[in-house]
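In what follows, every chain begins at residue 1, and chains take the letters A, B, ... in the order their sequences are listed.
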Amino acid sequence: MKKLWLIIPLMLFALFLGVAAYQLTQPRDTLVRSTMIGKPLPAFDLPGATDDAPRVASGLFADGQPRLLNVWATWCVPCIAEAPQLEELAKRGVPIVGIAIRDEPEAIAQFLEQYGDPYAAIARDDIAEVQLALGSSGVPETFVIDGKGIIRHQHIGDIRESDVDEIYAKWEAAK
Amino acid sequence: MTPFPLLAAAMLSLSAPIAGPAAGQMTSSAPLANTQLADPQQEASAQALMEELRCLTCQSQSIADSNAPMAGDMRHQVRSRIAAGESPEQVRAWLVERYGDYVTYRPGLDSATWPLFALPVLFLLVAGVILFRRLGRRGE
């Protein structure tokens, strides 16, 4: 009976090793999800894409119409990859508001000319304050905001062709 | 001829198209990202908090340690909020509300984290009981 007691620490250690080994074989989820889903869009008021463009404020979102809020940047390579998919969503009638992170008016103009302009409005967030308020941790990310200004869905990473239908459905569901 | 010049050339040509457009985001332009607060006490509490917040893009560094632009922008949030009179715990709560416990290296006590706090106490108790019985027996 006493011998049994002695091997308990060893068994615990083996159990620990087993759990660790199992976890090592599992794919790691490194996405940092926003915990703002279901909460109101944080209030913001940012300059437009160019210095003479109108400012873009969060009040825009509470007019009864759901929108996509696309967090992107001209220096972000996956943002180039998702441009055609944003174009497709805009063509289907989805209004898209862009927030360009740490960006320059000239770079934005050049990007839009080169890769298309699916945006109803673009804001510049030079210090990522709205990105942080949204719980977004990278670019690109796309949020579905319903007509009351509530955040309904977050898509992390570039929108692939296979994501377009899902995001359109989330936008429809936010009506 | 060594393969290294070739390798270096290949790496350069791979990184060039990324390095070009990336120039705009290499540093944070937020005013308080790398500027200390004038009030030393506020700066000290901001610094202490920054060492306990996780950089979201580098993930294994604190925002005090990281040069990532995102970390700089987070430091700006911490400093400007503390300068505006918020307590460090209010600033932490603001970030946890957005990113979950993931963003802080000092997790709070809740339904998912209680074993972290309970297990050390349990182990100490078990060790104490074992020691007590061993030592007690020797004294007999």
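Interface residue Val96(B): only backbone heavy atoms are found under 4.5 Å from chain A. Using a 4.5 Å cut-off between heavy atoms, Glu97(B) contacts chain A through both its backbone and its side chain. Contacts between Ala73(A) and chain B at a heavy-atom distance below 4.5 Å are absent for every atom of the residue. For Ala107(A), no part sits under 4.5 Å from any heavy atom of chain B, backbone or side chain.
Atom CD of Gln41(B) sits in a sparse spot, with 12 or fewer heavy atoms from other residues, nucleotides or ligands closer than 6.0 Å. When the shell of 6.0 Å around CZ of Phe117(B) is examined, it contains more than 12 heavy atoms from other residues, nucleotides or ligands. Taking a 6.0 Å sphere around CG of Asp45(A), one finds it holds more than 12 heavy atoms contributed by other residues, nucleotides or ligands. The number of heavy-atom neighbours closer than 6.0 Å to CZ of Arg92(A), taken from other residues, nucleotides and ligands shown, is above 12. For Glu113(A), the CD atom sits in a loose shell: 12 or fewer heavy atoms of surrounding residues, nucleotides or ligands are nearer than 6.0 Å.
A donor-acceptor contact shorter than 3.5 Å is absent between the side chain of Arg98(B) and the backbone of Leu134(A).
Put simply, the side chain of Trp94(B) reaches to within 4.5 Å of the side chain of Leu132(A), judged on heavy atoms. In this structure the side chain of His76(B) never reaches within 4.5 angstrom of the side chain of Glu129(A), judged on heavy atoms. With a 4.5 Å cut-off on side-chain heavy atoms, Asp73(B) and Arg102(A) count as touching. The shortest side-chain heavy-atom distance between Thr57(B) and Ser137(A) does not fall under the 4.5 Å cut-off.
Cluster membership for Ile108(A) and Trp75(A), using ILVMFWY side-chain heavy atoms within less than 4.5 angstrom, is not shared. The same ILVMFWY cluster, assembled from side-chain heavy atoms under 4.5 Å apart, contains both Phe61(A) and Val130(A). Using a 4.5 Å cut-off between side-chain heavy atoms of Ile, Leu, Val, Met, Phe, Trp and Tyr, with links allowed through other members, Leu41(A) and Leu68(A) fall into different hydrophobic clusters.
Heavy atoms only, all atoms of each residue included: Pro31(B) and Ile127(A) are closest at CD-CG2, 4.3 Å.
Chain B forms the most heavy-atom pairs under 4.5 Å with one residue out of Gly138(A), Pro42(A), Ser136(A), and that residue is Ser136(A).
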